Amino acid sequence: MILDLDIGNTLSKWRLKDAESSEIRSRGAVWTREEWRPGADIPDLDVVEAVRISSVARAAVLDETVTLLRRQVRQVFVAHSQPEALGVVNGYDEPGRLGVDRWMGALAGYQLAGGCCAVDCGSAITIDFVLPGGVHLGGFIIPGLRLMKESLKLGTRNVAIDPESEADALLEPGRRTVDAVNHGIYMAAVSAINRIYSEVCDQQGISLPMLLTGGDARVVSRGVQVPHAVWPDMVYGGLEASFPLTFAERAGKMSGAPRVPEPVSLEKIRAALAFSMLL
Ligand SMILES: Nc1ncnc2c1ncn2[C@@H]1O[C@H](COP(=O)(O)OP(=O)(O)O)[C@@H](O)[C@H]1O
Ligand SMILES: CC(C)(COP(=O)(O)O)[C@@H](O)C(=O)NCCC(=O)O
Ligand SMILES: [K+]
């Protein structure tokens with residue numbers, strides 16, 4: 001079995017992948033913290049022959065995790081942001097400073113779709129752009145839905161946005177604090193994504209397929225107007241591409257990859273942008 005770990009600022013996600021059949025056998029998530037308890041937090045390591053890790057948590061969390069895993073697992077691969085990999089050139093002035101989850105998303109998105117706009121809706125919402133030639137332009141970082149809400153300190157943090165809510169309902173003015181806050185932060189997130197996408201496509205003169213991932217991807221997806229696909233395993237896709245272990249991975253297959261969304265024409269994007277400026 002292969003254990004894939006995606007350690008974010010809020011949640012540490014894991015999945016177990018069969019090294020022979022490439023099937024995903026199980027998955028889970030625990031709050032990100034310093035110490036892992038094998039058995040309780042993560043699956044029994046006896047069956048694991050390799051681990052692949054993407055971590056943006058504090059260095060101590062990764063160090064502890066790697067130390068623990070190395071005791072029991074033969075191969076431990078830790079992803080790092082690099083100046084260039086798999087045809088993608090990192091757009092950061094200091095490539096190592098790009099969050100490795102963003103780098104994994106950019107690599108996965110590029111491998112799947114060529115150029116892409118990769119959006120990760122987690123603790124932070126990150127929006128990264130990769131052009132068809134593999135040039136990563138850099139990106140945008142805004143607080144995620146939960147962080148935005150917590151920063152207001154209005155006592156509404158425990159009332160999460162219902163992931164089943166329709167975007168239309170979330171875009172109505174709230175008549176109580178919790179709705180005003182939830183609808184406000186939702187509007188802030190989806191309008192930023194819509195606008196940033198349009199601006200960058202306009203600047204670059206190209207319409208790119210958009211891919212969404214992260215804990216809030218599904219609810220954010222409802223408010224994003226541009227055609228896009230939700231890909232919950234996008235960060236894992238970057239790990240698969242960076243450290244291919246199975247037969248399917250060596251052939252370039254990433255588990256759970258969606259169909260590439262057909263982007264709208266650049267003319268439409270530009271017309272929508274021009275229209276929103278007129279209002
Ligand atoms: N069951 C859940 N538990 C915690 N957070 C959740 C859950 N479902 C959705 N979320 C949202 O997802 C975010 C965490 O998403 P995730 O992509 O795992 O973040 P990160 O990678 O930063 O840890 C939370 O901030 C919250 O807004
Ligand atoms: C921007 C992030 C905090 C997002 O992390 P997440 O929401 O997935 O926990 C992470 O990618 C990070 O720590 N990046 C380093 C700074 C940068 O990418 O510029
Ligand atoms: K994120």
Side-chain angles (χ1 to χ4, degrees), residues 4-15 27-34 36 41 53-62 65 78-83 88 90-109 117-130 136-152 156-165 170 178 181-186 188-190 192-193 196 210-223 230-239 256:
D4 289 323
L5 276 178
D6 169 12
I7 305 179
N9 283 293
T10 304
L11 290 175
S12 297
K13 283 77 64 184
W14 60 265
R15 71 171 195 190
R27 52 173 80 232
V30 291
W31 299 110
T32 296
R33 55 168 169 262
E34 315 278 293
W36 288 88
D41 293 341
I53 308 174
S54 162
S55 173
V56 295
R58 292 191 306 111
V61 176
L62 179 61
T65 309
V78 179
H80 296 285
S81 294
Q82 290 166 315
V88 182
N90 191 322
Y92 260 33
D93 296 337
E94 294 182 63
R97 294 202 179 268
L98 176 71
V100 70
D101 53 349
R102 298 172 61 193
W103 183 237
M104 291 296 103
L107 296 182
C117 169
V119 182
D120 189 332
C121 309
S123 311
I125 296 173
T126 57
I127 304 156
D128 279 271
F129 291 87
V130 185
H136 168 247
L137 297 171
F140 300 78
I141 304 175
I142 58 177
L145 295 178
R146 217 168 104 113
L147 270 184
M148 281 199 245
K149 183 147 55 169
E150 282 180 9
S151 69
L152 287 171
T156 55
R157 54 190 295 214
N158 292 328
V159 189
I161 295 175
D162 176 359
E164 303 303 320
S165 310
L170 287 169
V178 64
V181 169
N182 277 342
H183 297 193
I185 62 176
Y186 186 73
V190 297
I193 294 168
I196 286 168
M210 184 191 280
L211 300 163
L212 289 190
T213 194
D216 289 315
R218 221 158 271 288
V219 67
V220 165
S221 160
R222 299 212 174 89
V230 177
W231 184 5
D233 282 8
M234 188 157 76
V235 171
Y236 293 139
L239 287 174

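Bear in mind the structure is a predicted one, so any value in this text is a computation, not a measurement. Each ligand, and each atom within it, is numbered from 1 in the order the structure gives.
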Practice prompt. Indicate if the distance from the K ion (ligand 3) to the nearest N, O or S atom of Arg102 falls below 3.4 Å.
Written response: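 No - counting backbone and side chain alike, Arg102 has no N, O or S atom under 3.4 Å.
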
Below 3.4 Å, can you find an N, O or S atom of Asp101 next to the K ion (ligand 3)? no

> Counting only non-hydrogen atoms of the protein, does one fall under 4.0 Å from atom 2 (C) of ligand 1?
Replying inline: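 Protein heavy atoms within 4.0 Å of atom 2 (C) of ligand 1 - there are none.
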
For this session: Using a distance threshold of 4.0 Å (strictly less than), state whether atom 17 (O) of ligand 1 has a protein heavy-atom neighbour.
Result: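 Under 4.0 Å from atom 17 (O) of ligand 1, at least one protein heavy atom found.
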
Checking a contact table here: which protein heavy atom is nearest [atom], and how many Å away?
atom                    : result
atom 7 (C) of ligand 1  : Leu11 CD1, 4.7 Å
atom 21 (O) of ligand 1 : Lys13 NZ, 2.9 Å
atom 9 (C) of ligand 1  : Gly215 O, 3.4 Å
atom 25 (O) of ligand 1 : Arg146 CD, 3.2 Å

What I'd like to find out is whether the side chain of [X] reaches to under 4.5 Å of the side chain of [Y], using heavy atoms alone.
X      : Y      : value
Leu147 : Asn9   : no
Ile125 : Val119 : yes
Arg222 : Leu170 : no
Thr156 : Asn182 : no
Val235 : Lys13  : no
Asp120 : Met234 : no
Trp31  : Thr10  : yes
Leu152 : Met148 : no

Original post:
Out of Thr65, Leu5, Leu239, Leu62, which residue meets the side-chain contact (heavy atoms from CB on, under 4.5 Å) rule with Val78?
Top reply: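 The passing option is Leu62.
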
> What angle, to the nearest 10°, do the atoms O (Ala124) and O (Asp120) form about the K ion (ligand 3)?
Replying inline: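 Vertex the K ion (ligand 3), arms to O of Ala124 and O of Asp120: 60°.
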
| query | Of the listed options (Gly122, Ser123, Gly8), which comes nearest to atom 22 (O) of ligand 1 when hydrogens are ignored and any heavy atom counts? | reply |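 Heavy atom nearest to atom 22 (O) of ligand 1 belongs to Ser123.
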
Practice prompt. With atom 13 (C) of ligand 1 as the reference point, say which of Thr126, Asn9, Asp216 has the nearest heavy atom.
Written response: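 Looking at heavy atoms only, the winner is Asp216.
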
Donor-acceptor under 3.5 Å (Asp128 side chain, Ala106 main chain) = no

- Task: Could you tell me whether a side-chain N or O of Tyr92 sits under 3.5 Å from a main-chain N or O of Ser81, the two making a donor and an acceptor?
- Result: no

Counting from 1 in the order shown, the ligand 1 atoms closer than 4.0 Å to a non-hydrogen atom of Gly214 are 17 (O)

| said: So for ligand 1, is Trp31 a polar contact partner (N or O within less than 3.5 Å, distance only)? | reply: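 Min N/O separation from ligand 1 is not below 3.5 Å for Trp31.
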
Within the heavy-atom cut-off of under 4.0 Å, ligand 2 is lined by Gly8, Asn9, Val56, Tyr92, Arg97, Leu98, Gly99, Asp101, Arg102, Gly122, Ser123, Ala124, Thr126, Ile141

Quiz item: If you measure from each heavy atom of Leu145 to ligand 1, is any distance below 4.0 Å?
Solution: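 The answer is no, since Leu145 has no heavy atom less than 4.0 Å from ligand 1.
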
With distance as the sole criterion, is a donor-acceptor pair present between the side chains of Tyr236 and Arg27 under 3.5 Å?
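No.
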
> How are the rings of Trp103 and His136 set to each other: parallel, tilted or perpendicular (split at 30° and 60°)?
Replying inline: perpendicular

